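All values below come from the heavy atoms of this structure, side chains included, with hydrogens, waters and symmetry mates left out. From a predicted model like this one, the values you see are computed outputs, not experimental measurements. Throughout, protein chains are lettered first and strands after them, A, B, ... in sequence-line order, and every chain is numbered starting at 1.
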Amino acid sequence: MTTRASTRPRQEGCTASPATLKTISLRKSHSLEKYFKGRFHATRMFKDIADVMTPGFSGKEVRIRGWIWRTRGSGKIVFPTVRDPSGAIQVTVKKGNLPDPQFEDALKALIESSVEITGTVKADERAPGGYEILATSFNVVGFAEAYPIQKDQSEEWLRENRHLWIRSRKMVAILKVRHTVVGAIHQFFRSRGYYEFDPPVLQPNQCEGGSTLFEVKYYDMTTYLSQTWQLYAEAGTFALGKIYDMAPTFRAEKSKTSRHLCEFWMAEMEAAWMELPEVTEVAKEEIKFIIGEVLKNNKADLEFLGRDISKLEVCLEKPFPTISYTEGLDILKKDGMDVEWGKDLRTLEEEGIMRHFDTPVVVTHYPKDIMAFYKPVDEKATAPGPVAKCFDMLAPEGGMEIVGGSERDTSIAELSKYLERDGENPANYQFYMDLRRYGSVPHSGYGVGVERLIQWICGLDNIKDAIAFPRTSTRMTP
RNA sequence: GCCGUCGUAGCUCAGCCUGGUGGAGCGGCUGACUGUUAAUCAGCAGGCCACAGGUUCAAAUCCUGUCGACGGCGCCA
């Protein structure tokens, strides 16, 4: 910044010569060095709260910092409970153990005030959590105003105040699980030789007929926010072979359900030379791997969320079954739910099928007529009508669709035919057709709804809690 | 897009059916209290009863419309 200022001193209203400016900037950098050094050591002096709540720290003096989570007190003693990202501990502030102004501050500090505390760790049965810190210093860094989130909270109010609600133990637990899920997806694909391949977010065409897209003003033209990476992934897979990505996805449908977002993260893969049977196995392995990582790293978080962990553990032990759409209808028929062959499975029916399973299930070979244009007909399949080489993965406990994928049609004639069926102009898919002209091979891919997966793993009622700042048809704030 | 539920204090709600000067708990503020666990006790402040019309001597309350939030279905990950 100093360099830039010195090149245009007049504009900055500065009359000093360039030489003077140089001297000033040197002096500044000396004090900066001191400043940086000081802060660096300060950071190392503070302990994580979870770490000091162990027998080894009893009787020792520590420094912690965080936010007041709950507080209560009387005239001469205050009990703020302080949280940091690792945990929460009760602090006991007694008048006389620290300077009076600090005691007054401790008494005055409202919930979510930020604090730095020095004191002795003590195991004490009277303290929630079994440990407390007897404060000898209580420094309020930022006094909080009356916190809007109290014990009585409506869903609407919590969403209105999402920027504050993410500090809650519930949201922190979910966000930690999310961190594991996202990391596991990268780890899964990278360790198996997949390349990360990033598609454009602004895309000129829609890909799955019927879905509503968000329009974006692009200079004096119109473009759309991506609702899938697929068309671009198919191009990428003929360059890199096996690819994956995790990216924001946008759907403008006005869905009002507990499992839809307008902006969500989709983890997708695409692989050349891969056909339907193999791609379904990759999807099963991926979901299994993610569950395993969450169970390894987030048991405490799942327990806090009240999740029945045995329902996840069983998914590691047992193979995920694969059934066809037609077999799915047979299962429903035995339960007295008659679905006409050719109709898509609705939420109710998916739920009905999944009542018979305690692991995720892959459902393949849906009727071609109700499937997207790029899902090829399986000539070898035996079914009452033409079926596509496609699959969904349904989660147990409700039958939510967590994965959707397919083999990709390589025939220009077939693709054109079904684009026209959907009222699309094949001419708008020039580059997609090109991929079929220059050495096409069988290839397949699928997408995982990251928030849906998190919703199921955490056992959340609503998908809006699986992401920090949910975007729906009726909410785009905060 | 269709169907349903709900809008009253900063928050959570009662009051509405059967019209007659707007309530409680929590939180905030003031005071008391040296071991609290959602601390307790006393007091104070805080309201365009979503908005707009209508009926009526009189509307938070009855009627009509609008807006907003939430959920179910459809669509999908």
Side-chain angles (χ1 to χ4, degrees), chain A residues 69-81 88 90-97 103 107-108 110-112 122 124-130 132 134 144-161 164-165 207-212 227-230 246-268 283 287 343-351 366 370-372 391-395 399-405 446-456 461-464 466-467 472-475 477:
Chain A
W69 185 53
R70 297 277 180 273
T71 182
R72 50 203 163 259
S74 55
K76 306 261 170 51
I77 186 165
V78 194
F79 299 98
T81 301
Q90 171 168 292
V91 177
T92 301
V93 189
K94 288 183 181 175
K95 195 171 179 153
N97 285 359
F103 179 82
L107 201 57
K108 271 192 306 196
L110 300 180
I111 285 172
E112 288 303 320
K122 209 181 95 190
D124 194 312
E125 284 180 4
R126 292 170 297 184
E132 63 178 21
L134 286 167
E145 295 176 27
Y147 201 55
I149 299 175
Q150 311 289 349
K151 77 181 169 100
D152 295 313
Q153 310 141 337
S154 65
E155 294 292 316
E156 185 186 350
W157 185 247
L158 295 181
R159 278 175 203 149
E160 199 69 52
N161 289 279
L164 302 174
W165 178 237
C207 157
E208 302 193 25
S211 284
T212 323
Q227 61 162 341
T228 173
W229 81 326
Q230 188 192 320
M246 187 160 19
T249 300
F250 304 89
R251 305 261 166 105
E253 289 118 353
K254 290 191 171 170
S255 305
K256 292 183 175 182
T257 79
S258 56
R259 57 188 187 283
H260 282 90
L261 294 167
C262 286
E263 176 185 315
F264 64 98
W265 288 71
M266 189 141 70
E268 300 181 89
I287 300 302
K343 289 258 164 87
D344 205 356
L345 297 178
R346 296 174 304 165
T347 309
L348 189 69
E349 282 108 37
E350 290 172 337
E351 212 179 322
Y366 285 73
I370 53 169
M371 287 292 111
F391 76 100
D392 278 350
M393 190 188 291
L394 308 181
M400 191 163 52
E401 294 173 26
I402 51 174
V403 182
Y446 64 81
V448 176
V450 174
E451 284 78 15
R452 284 198 178 173
L453 183 59
I454 293 165
Q455 184 184 0
W456 169 61
D461 291 336
N462 201 306
I463 198 168
K464 296 178 190 77
I467 188 166
T472 67
S473 60
T474 52
R475 176 178 291 286
T477 57

How many whole angstroms separate atom CD1 of I370(A) from atom P of rC75(B)? 9 Å
Can you tell me the base-pairing partner of rA77(B)? Count Watson-Crick or G-U wobble geometry only, both distances below 3.5 Å, and say none if there is no partner. none
Between rA32(B) and rG25(B), how far apart are the two P atoms, rounded to whole Å? 23 Å
Describe the nucleic acid contact of V403(A) in one word from base, sugar-phosphate, nothing, applying a heavy-atom distance below 4.0 Å. sugar-phosphate
From the list rG35(B), rG1(B), rC75(B), which nucleotide is the closest neighbour of the side chain of K122(A)? rG35(B)
Just to verify, what does S258(A) make a side chain to side chain contact (heavy atoms under 4.5 Å, CB included) with, not counting sequence neighbours? N462(A)
What is the distance from CD1 of I402(A) to P of rA77(B), rounded to the nearest Å? 13 Å
Is the closest side-chain donor-acceptor distance between E263(A) and T249(A) under 3.5 Å? no
Give the rounded distance in Å between these two atoms: NZ of K343(A) and P of rG74(B). 13 Å
Taking pairing as Watson-Crick or G-U wobble with both contacts under 3.5 Å, can you name the mate of rU18(B), or confirm there isn't one? none
Take P148(A) and K94(A), find for each the nucleotide of RNA chain B with the closest heavy atom, and name the residue whose nucleotide sits nearer the 5' end. P148(A)
C1' spacing across the pair rC49(B) / rG7(B), given as an integer number of angstrom: 10 Å
Whole-Å gap separating C1' (rC11(B)) and CD1 (I111(A)): 12 Å
Please measure how far the P atom in rU12(B) lies from the corresponding atom in rU21(B), and state the result in whole Å. 27 Å
Ignoring hydrogens and angles, answer whether the base of rC75(B) and the side-chain atoms of S255(A) contain a donor-acceptor pair closer than 3.5 Å. yes
Is there side-chain contact between I463(A) and R452(A), with at least one heavy-atom pair below 4.5 Å? yes
Which value, in whole Å, describes the distance between the P atoms of nucleotides rG68(B) and rG47(B)? 27 Å
Between V78(A) and T71(A), the two heavy atoms sitting closest are CG1-OG1, 3.8 Å
Rounded off to whole Å, could you give me the CG-to-C1' distance for the L134(A) and rU36(B) pair? 14 Å
Atom C1', compared across rC6(B) and rG43(B): separation rounded to whole Å: 36 Å
G-U wobble or Watson-Crick pairing nucleotide for rU40(B) (cut-off 3.5 Å, both distances): rA32(B)
Keeping E451(A) on the side-chain end and W265(A) on the backbone end, is there a donor-acceptor pair under 3.5 Å? yes
Between R346(A) and E350(A), is there a salt bridge with N-O shorter than 4.0 Å? no
Expressed as a whole number of Å, how far does the P atom of rC70(B) sit from that of rU30(B)? 37 Å
At less than 3.5 Å, do the side-chain atoms of Q90(A) and the base atoms of rU36(B) form a donor-acceptor pair? yes
Need to verify one output field. Residue with the more 5' nearest nucleotide on RNA chain B, M400(A) or L107(A)? L107(A)
Pairwise P distance for rU5(B) and rA9(B), with rounding to whole Å: 22 Å
Base, sugar-phosphate alone, or nothing: which one does A127(A) contact when heavy atoms must sit under 4.0 Å apart? base
Output the rounded distance in Å from OH (Y147(A)) to P (rG10(B)). 19 Å
For a quick check of understanding: with a heavy-atom distance under 4.0 Å over all strands, which category does D344(A) fall into, base, sugar-phosphate or nothing? sugar-phosphate
Out of rC76(B), rG10(B), rG35(B), which nucleotide sits closest to the side chain of W157(A)? rG10(B)
Protein-nucleotide distance (F391(A), atom CZ; rA77(B), atom P), rounded to Å: 11 Å
Determine the minimum heavy-atom distance between I77(A) and F79(A), stating which atoms define it. CD1-CZ, 3.4 Å
Would you call R475(A) and E160(A) a salt bridge, using N to O less than 4.0 angstrom? yes
pi-stack flag for F264(A) and rA77(B), centroid dist under 5.5 Å, interplanar under 30°: yes
Please work out if E263(A) contacts a base, only the sugar-phosphate, or nothing of the nucleic acid, heavy-atom cut-off 4.0 Å. nothing
Given the C1' atoms of rC76(B) and rC62(B), what is the spacing between them in whole Å? 44 Å
Which of rC33(B), rG35(B), rC76(B) is nearest the side chain of R452(A)? It is rC76(B)
Go through the structure and list residues passing side chain to side chain contact (heavy atoms under 4.5 Å, CB included) with T81(A), not counting sequence neighbours. W69(A), R70(A), R72(A), A88(A), Q90(A)
Among rC75(B), rC29(B), rG35(B), the one nearest L110(A) by side-chain distance: rC29(B)
Please list each protein N or O that sits under 3.5 Å from an N or O in nucleotides 69-71 of chain B, with the distance.
from	atom 1	to	atom 2	distance (Å)
rA69(B)	OP1	T474(A)	O	2.8
rA69(B)	O2'	E156(A)	OE1	3.0
rC70(B)	OP2	T474(A)	OG1	2.7
rG71(B)	OP1	N462(A)	ND2	2.5
rG71(B)	OP2	K464(A)	NZ	3.3

Any side-chain N or O of S154(A) below 4.0 angstrom from OP1/OP2 of rU12(B)? yes
Any side-chain N or O of R72(A) below 4.0 angstrom from OP1/OP2 of rG27(B)? no
Can you check the Q153(A) CD to rA38(B) P distance for me, whole Å? 15 Å
rU5(B) pairs with, by Watson-Crick or G-U criteria that keep both distances under 3.5 Å: rA69(B)
Whether the E253(A) and T212(A) side chains hold a donor-acceptor pair (N or O, under 3.5 Å, no angle test) is what I'd like checked. no
When we call it a touch if two heavy atoms are under 4.0 Å apart, what does G75(A) touch: a base, just sugar-phosphate, or nothing? base
